[in-house]
Number of protein chains: 2
Amino acid sequence: MDLFVSKYINKIDKKGRVSLPSSFRNVLPKANRNEIILYKSIKTPSIEGCGVGRLKEIAKRINNLDFFSEDYDDFSTSIFSEIVTTNVDKEGRFLIPEELKLYAGIKTEVAFFGQGHFFQMWEPKQGLKNTEDARRRLLKEKKSLRMMLTQQK
Amino acid sequence: MDLFVSKYINKIDKKGRVSLPSSFRNVLPKANRNEIILYKSIKTPSIEGCGVGRLKEIAKRINNLDFFSEDYDDFSTSIFSEIVTTNVDKEGRFLIPEELKLYAGIKTEVAFFGQGHFFQMWEPKQGLKNTEDARRRLLKEKKSLRMMLTQQK
DNA sequence: CATATACCCATTGACGCCCATATATTCCCA
DNA sequence: TGGGAATATATGGGCGTCAATGGGTATATG
């Protein structure tokens, strides 16, 4: 499986370390399995993360913008300066920068939510509430969740 | 990671030295790890920096501008003639020329902002404000910051 | 000779690396 | 197929190393 799926709740220890769920570690390419990138989610009070490979794609995309345009600077600043890289130790643990923990209201536990090509980290209660809300919105708006899940490409 | 990412705020000591963030040092080629180039940002009151290898890329970008346009001369002059090289000492510190510090309003602290293939140095408060402004502009113009981060190739 | 800058050494706190344990999971064999 | 052993995962903690910072002294450069 090369996608981030399922959800997990892990503890943050005294040193601030938290285990990246094993199944998430396996999604990372064997090469850069000891480094991930984190950044603030744009729409929610959560942290998003993924492997460094993704960052290189983003860099390529930004590099294709007009170098002297304002957009270039805005994207470059908003993305590169906001992204942090974190090392994953041999036991699969990493540190969440203080600023990101504040942004997500994370203190002693982290809820990991697989999102396919990336994952989100939430303060557990808020995270669970968010998934409920998301599902409720889908049903309420009569989006056909069932179709979405069963249709073949 | 071979990109300048994240942001750091470091102090300038009595001798005018400031530490280049460790992760930035690692982006520089192992060969010329003791030398960086600095120049005034064209669009903002900040200093931009990168490894000497990046010069070629800058030259290429400028060459892609219309050779007979006013912009060509302006950029060419503004950047090349203003570039200064600085040595990074064994502890990873370097001196910021007085003129550049004045240009950026830097006094006792420097905020380093990763920008992918280069980085910017700001007076901390102005730098943080700039980041907020950049993000606001992108969101306001409905430029798809989210897509930039999450889309697949 | 005077000022600036490179080199060397020191300190402090953060972080990486290593080892340890408990629980959970998988595997293998009788 | 049941049960025990081997393995993996989440978690705890010791300790050495490195990064950021401070400062003394040699050296260079005009």
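Below, read A as the first sequence line, B as the second, and so on, with proteins coming before strands; counting in each chain starts at 1. Everything numeric in this text was worked out from a predicted model, so none of it was measured.
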How close or far is atom [atom2] of [N] from atom [atom1] of [X], stated in whole angstroms?
X: B/R17; N: C/dA10; atom1: CZ; atom2: C1'; answer: 12 Å
X: A/Y8; N: C/dA24; atom1: OH; atom2: C1'; answer: 14 Å
X: A/D13; N: C/dC19; atom1: CG; atom2: P; answer: 19 Å
X: B/E98; N: C/dA4; atom1: CD; atom2: C1'; answer: 12 Å
X: A/E35; N: C/dC17; atom1: CD; atom2: P; answer: 12 Å
X: B/K101; N: C/dA4; atom1: NZ; atom2: P; answer: 11 Å
X: B/D89; N: C/dC9; atom1: CG; atom2: P; answer: 14 Å

Picking from [options], which would you name as closest to the side chain of [X]?
X: A/E91; options: C/dG16, C/dC19, C/dC7; answer: C/dC19
X: B/L95; options: C/dG16, C/dC7, C/dA6; answer: C/dA6
X: B/R93; options: C/dG16, C/dC17, C/dC9; answer: C/dC9

Reading DNA chain D 5' to 3', which nucleotide is the first, and which the last, to come under 4.0 Å of any heavy atom in chain B?
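That gives a stretch of D/dA19 to D/dT25.
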Is the closest side-chain heavy-atom distance between B/V52 and B/N32 below 4.5 Å?
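Yes. Closest side-chain heavy atoms under 4.5 Å.
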Charged N to carboxylate O under 4.0 angstrom, B/R137 versus B/D133?
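No salt bridge links B/R137 with B/D133.
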Do the side chains of B/E91 and B/R17 get close enough for a salt bridge, i.e. N-O under 4.0 angstrom?
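A salt bridge is absent here (no side-chain N lies under 4.0 Å from a carboxylate O).
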Tell me what A/S22 touches on the nucleic acid: a base, only sugar-phosphate, or nothing, going by heavy atoms under 4.0 Å.
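Sugar-phosphate contact only.
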Just checking A/I9: base, sugar-phosphate only, or nothing, at a heavy-atom cut-off of under 4.0 Å?
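Nothing: the residue A/I9, judged by heavy atoms under 4.0 Å, touches no strand.
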hydrophobic_cluster_shared for B/V5 and B/Y8, side chain cutoff 4.5 Å
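Cluster IDs for B/Y8 and B/V5 differ.
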Under a single-linkage definition using a 4.5 Å side-chain heavy-atom cutoff for Ile, Leu, Val, Met, Phe, Trp and Tyr, are A/I106 and A/F24 assigned to the same hydrophobic cluster?
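In one cluster with A/I106: A/F24, yes.
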If you compare all heavy atoms of A/S19 against all heavy atoms of A/F94, which two are closest, and at what distance to 0.1 Å?
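So the minimum-distance heavy-atom pair works out to C-CE2, 4.5 Å.
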In terms of side-chain heavy atoms, does B/Y39 have a donor or acceptor partner in B/E48 at a distance below 3.5 Å?
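Yes, B/E48 and B/Y39 have a side-chain donor paired with an acceptor closer than 3.5 Å.
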